[in-house]
Amino acid sequence: MFDVVDGLMTMKMDVYRQSERQDPNTGAMLREFSYIKTIDCYARGIISQNGGKGNDRQKFSNKYSNDQYIEVRTSDRLTARDKVKNIRDVNGKPIWYELNYPNDTDTVFDVAGTTPIADPFGNVVGYNSSLERAENQQIGI
């Protein structure tokens, strides 16, 4: 990766990766998430004026939903098997967090998709990933 590109990633986030194991008694597949590493990133909310995926949207119907979408730029490729948590600024302060759940805990995001960023010569220099707020805000459940 180029030093110039790395210099643009002034934030940090924690990445958790999914693994599966089979319950020996029931045969059910169990998903578990383990902390992988902390990576440099640049994150921003997605703002939309067309009613599509916007930064924040709360909906009340048969089921309450709190949709939130962000975009992150990283040197490492994220996959759909990853969850992201603890996105923080250059000073280590959390940027996205859940109010009163139970005490301003960091928001957990699912990776919706990742696309490479190429330089003019066709070399991949980073990745843009779309993240959406996970319905379950506890990793590992």
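Counting from 1, the numbers follow the sequence of the chain as shown.
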Nearest-0.5 Å distance that lies between atom [atom1] in [X] and atom [atom2] in [Y]:
| X | Y | atom1 | atom2 | result |
| --- | --- | --- | --- | --- |
| Y127 | D76 | OH | CG | 8.5 Å |
| I87 | W96 | CD1 | CH2 | 5.5 Å |
| R73 | I117 | CZ | CD1 | 4.0 Å |
| I39 | M11 | CD1 | CE | 13.0 Å |
| Y16 | K37 | OH | NZ | 14.5 Å |
| E98 | T105 | CD | OG1 | 5.5 Å |

Hey, is the main chain of R44 close enough, under 3.5 Å, to the side chain of E71 for a donor-acceptor pair?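 Flag not set: sc E71 to bb R44 has no pair under 3.5 Å.
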List in chain and number order the residues that pass side-chain contact (heavy atoms from CB on, under 4.5 Å) with [X], two or more places apart in sequence or in another chain; answer none if no residue qualifies.
| X | answer |
| --- | --- |
| N25 | D23 |
| S130 | A112 |
| I36 | R17 |
| S19 | E32 |

Do you know the tightest heavy-atom contact between [X] and [Y]?
| X | Y | result |
| --- | --- | --- |
| G45 | I70 | CA-CG2, 4.0 Å |
| Q22 | G27 | NE2-O, 2.9 Å |
| R133 | F109 | N-CD2, 3.5 Å |

Is there side-chain contact between [X] and [Y], with at least one heavy-atom pair below 4.5 Å?
| X | Y | value |
| --- | --- | --- |
| T79 | V111 | no |
| D110 | K83 | yes |
| R88 | T38 | yes |
| V124 | R77 | no |

Mind checking side-chain hydrogen bond (donor to acceptor under 3.5 Å, both in side chains) for [X] and listing every partner two or more places apart, or none if nothing turns up?
| X | result |
| --- | --- |
| D89 | none |
| N86 | D14 |
| K93 | none |
| E20 | Q18, R81 |

Can you name the residues that form a ring pair (Phe, Tyr, Trp, His ring centres under 6.0 Å) with Y97, not counting sequence neighbours?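 Partners of Y97 under the ring pair (Phe, Tyr, Trp, His ring centres under 6.0 Å) test: none.
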